[in-house]
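Down below is the structure, laid out as structure tokens.
Naming convention: chains lettered A, B, ... in sequence-line order (proteins, then strands); numbering from 1 in each chain.
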Amino acid sequence: MLLSRLAQVSRDVAATSARSRKIALLGELFRAADADDVPIVIPYLAGRLPQGRLGIGWKLLGQPVPPAAEPTLTVRDVDGRLTRIGAVTGAGSQAGRKRLVGELLAAATEDEQRFLIALLTGEVRQGALDALAVEGLAEATGAAPADVRRAVMLAGSLQNVAQGLLADGPSVLDRFRLTVGRPVLPMLAQTASSVAEAVAKLGACAVEEKLDGIRVQVHRDGDDVRIHTRTLDDITDRLPEVTSAALGLAGERFVLDGEVIALDVEGRPRSFQETAGRVGSRVDVAAAAAAVPVSPVFFDALLMDDRDLLDLPFAERHAELARLVPEPMRVRRTLVEGPENVSAAEDFLAETLHRGHEGVVVKALDATYSAGRRGASWLKVKPVHTLDLVVLAAEWGHGRRTGKLSNLHLGARNPDGSFAMLGKTFKGMTDAMLAWQTERLRELAVDDNGWVVTVRPELVVEIAYDGLQRSTRYPAGVSLRFARVVRYREDKRPEEADTVETLLAAHPEVAP
DNA sequence: TTCCGACAGTGGGGTCGCAAT
DNA sequence: ATTGCGACCCCACTATCGGAA
């Protein structure tokens, strides 16, 4: 199949807002693909490369290349070239990769170039990713969408399912079962604004501490232990302590879900930055582990011996977990029967925060494990802080925000009346707010370099954030974590904005 | 007819590792 | 030795479609 056909379909998919139409277009393309093309065509149309990321970003793509006049590239040709590009490493590799990418782009038409660049940078913005590709695949093969979706979650990959399905039909879907050693997409949580709201929604539930670490799925099969992240990357080699802990449990075959976190000698959590730095260290793992040891803390069991637990209610999965894993290696929790016991849940949240953790996750006791979904049966609750900050500048938006000032630069007051930038945010704005702030900030503009519009510091905005973190980038030595706009404070003057001093006083553990 | 679940988009800060400077 | 880039951790929120109620 020619690449030009994919580029055309991607354009058509982007051009329609109707999901049913997007799915039909994808299904049509998948039906037309040869068996050999399927492992390439499906990930491409889901916006991903079968090879994973290749170390090619905006910089390496360089200046525009004159396009070819006629489409000649086949998808298999492109796949082969990209595999070779990914294999280039060592000194001179950037120049080598750049040359090969340039040759590939030179062989592509304008349309194909657009698609390839989007694919390589991970920015195929066609309003359809994995979920709609799954629907398209179901349509192309006559399989039930729910069955395909489940197989993909269990396989951890759309590609494998697609290949089997197009070769052998819907009967292959039963082959995809939870297997030790093959990671499944983890279940995710939605946000609730309070414990009371979460308990009211879920009824009988477990309230568990939410640790600010790295999500892990741990598989053990005899002496073999594998550890995977939320995106299913294999990080086994970086976490010898977790491997030892898994081997120390009195079970031969299991799959557990949990978090790894660095704790200090008193058992209090170290900062997320420390945990993330440790888990990210690959070169000298022994030194990293000596400096920042991490602990696994589990909250769910997906498989035990040869029993798949995914469709059991959480209460039963947890009972299995508790039989295998001793209490210190499980998250702390409390059970709540319903809204009448909400104060117990609130007390537990307060205790958890006092112990230095991030918040709680409220989980329905009757819920099955919905792999890969951000289901409504897990609700996280974290405290939210707010500040009144001053807009120092704003950046022009992209995509559907093109022509709107989007990303705000936020500042707190210094003693001398100047402002210290604490970070940026593009979150929390409605379309109406975007329109309003674009107009208002243009009135205040003192400079526009085409990317950033600098403004007189007069507009006050209320910002919600999850906490402070150490920063080498910003002048106060701290930055806001997960800042988002709540509302504009036109009733406030910049002299009334919050100060760096009060901010640091509110987070003494982070203050430089 | 209205409501709501699921998705995609829009980017944020930090850290590590690698290659280039 | 330092700098810049890309990958991957963590993530909040809004708009929209289309099926459920």
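Taking atom CZ on Arg230(A) and atom C1' on dC10(C), their separation rounds to 8 Å, with Å as the unit. Following rounding to the nearest Å, Lys427(A) (NZ) and dT10(B) (C1') show an atom-to-atom distance of 10 Å. Protein atom CG of Leu129(A) is 5 Å distant from nucleotide atom P of dG9(B), rounded to whole Å. Rounded to an integer number of Å, the gap from Glu135(A) CD to dG19(C) P is 10 Å. In this entry the distance linking CD of Glu123(A) with C1' of dG6(C) reads 13 Å, nearest Å. The nearest whole Å value for the distance from the CG atom in Leu61(A) to the C1' atom in dG4(C) is 16 Å. To the nearest angstrom, P of dC9(C) lies 14 Å from CG of Leu188(A). Atom P of nucleotide dG12(B) and atom CD1 of Ile463(A) are separated by 14 Å, given to the nearest angstrom.
Under a 3.5 Å cut-off, the side chain of Gln51(A) and the backbone N or O of Leu82(A) do not form any donor-acceptor pair. Looking at Gln126(A), its side chain does come within 3.5 Å of a backbone N or O of Leu45(A) through a donor-acceptor pair. Although no hydrogens or angles enter the test, the distance criterion places a donor-acceptor pair under 3.5 Å between the side chain of Arg238(A) and the main chain of Val279(A).
Ranked by how close their nearest DNA chain C nucleotide is to the 5' end, Ser17(A) and Ala483(A) are led by Ala483(A). Place Leu132(A) and Gly423(A) on DNA chain B by their nearest nucleotides, and Leu132(A) ends up nearer the 5' end. Ranked by how close their nearest DNA chain C nucleotide is to the 5' end, Glu358(A) and Leu120(A) are led by Leu120(A).
Residue Lys201(A) is out of contact with every strand shown, counting any heavy-atom pair closer than 4.0 Å. Using a 4.0 Å heavy-atom distance criterion, Lys382(A) is classed as a sugar-phosphate-only contact. Counting non-hydrogen atoms under 4.0 angstrom, Thr275(A) reaches nothing in the nucleic acid. Residue contacts for Leu54(A): at a heavy-atom cut-off of 4.0 Å it reaches the sugar-phosphate backbone alone, with no base atom in range. Heavy atoms of Thr425(A) sit nowhere under 4.0 angstrom from any nucleic acid atom.
A cation-pi contact, defined as under 6.0 Å to the ring centre and within 45° of the axis, links Lys363(A) to Phe299(A). A cation-pi arrangement is absent between Arg440(A) and Tyr488(A) under the rule of less than 6.0 angstrom and at most 45 degrees off the ring axis.
Counting non-hydrogen atoms of other residues, nucleotides and ligands closer than 6.0 Å to CD of Glu123(A) gives a total above 12. The environment of NE2 in His398(A) is sparse: at most 12 heavy-atom neighbours from other residues, nucleotides or ligands sit within 6.0 Å. Within 6.0 Å of atom CZ in Arg442(A), 12 or fewer heavy atoms from other residues, nucleotides or ligands are found, so the atom counts as exposed in its surroundings.
In this structure, dC7(B) makes no Watson-Crick or G-U wobble pair, since no nucleotide meets both defining distances under 3.5 angstrom.
Contact annotation: His398(A) does not reach the phosphate of dG9(B) (side-chain N/O to OP1 or OP2, under 4.0 Å). Between Arg400(A) and dA15(C), a side-chain N or O to OP1/OP2 separation shorter than 4.0 Å is absent. Close to dG12(B), at under 4.0 Å from its OP1 or OP2, lies a side-chain N or O of Asn407(A). Regarding contacts with the backbone of dC5(C), a side-chain N or O of Lys59(A) is found under 4.0 angstrom from either OP1 or OP2. Here Lys210(A) reaches the OP1 or OP2 of dC11(C): one of its side-chain N or O atoms lies under 4.0 Å away.
The existence of a salt bridge linking Glu103(A) and Arg99(A) is confirmed by a sub-4.0 Å separation between a basic side-chain nitrogen and an acidic carboxylate oxygen. Between Asp12(A) and Arg21(A) no salt bridge is recorded (no basic side-chain N to carboxylate O distance below 4.0 Å).
Scanning residues 18-28 of chain A for heavy-atom distances under 4.0 Å to DNA chain C yields Ala18(A), Arg19(A), Ser20(A).
Each of dC11(C), dC13(C), dA7(C) was ranked by its minimum atom distance to the side chain of Arg484(A); first place goes to dC13(C). Of the candidate nucleotides dC11(C), dG9(B), dC9(C), dC9(C) has the atom nearest to the side chain of Ile235(A). Listed nucleotides dT10(B), dC9(C), dC7(B) differ in distance to Asp233(A); the shortest reach to its side chain belongs to dC9(C). In this structure, the nucleotide among dC9(C), dA12(C), dA15(C) sitting nearest to the side chain of Phe482(A) is dA12(C).
Looking at every heavy atom in both residues, Ala108(A) comes nearest to Leu116(A) through CB-CD1, 4.0 Å.
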Open item on the list: Treating primed atoms plus P, OP1 and OP2 as sugar-phosphate and everything else as base, which nucleotides of nucleotides 14-21 of chain B get B, S or - for protein heavy atoms under 4.0 Å?
Closed with: SSSSSSS-

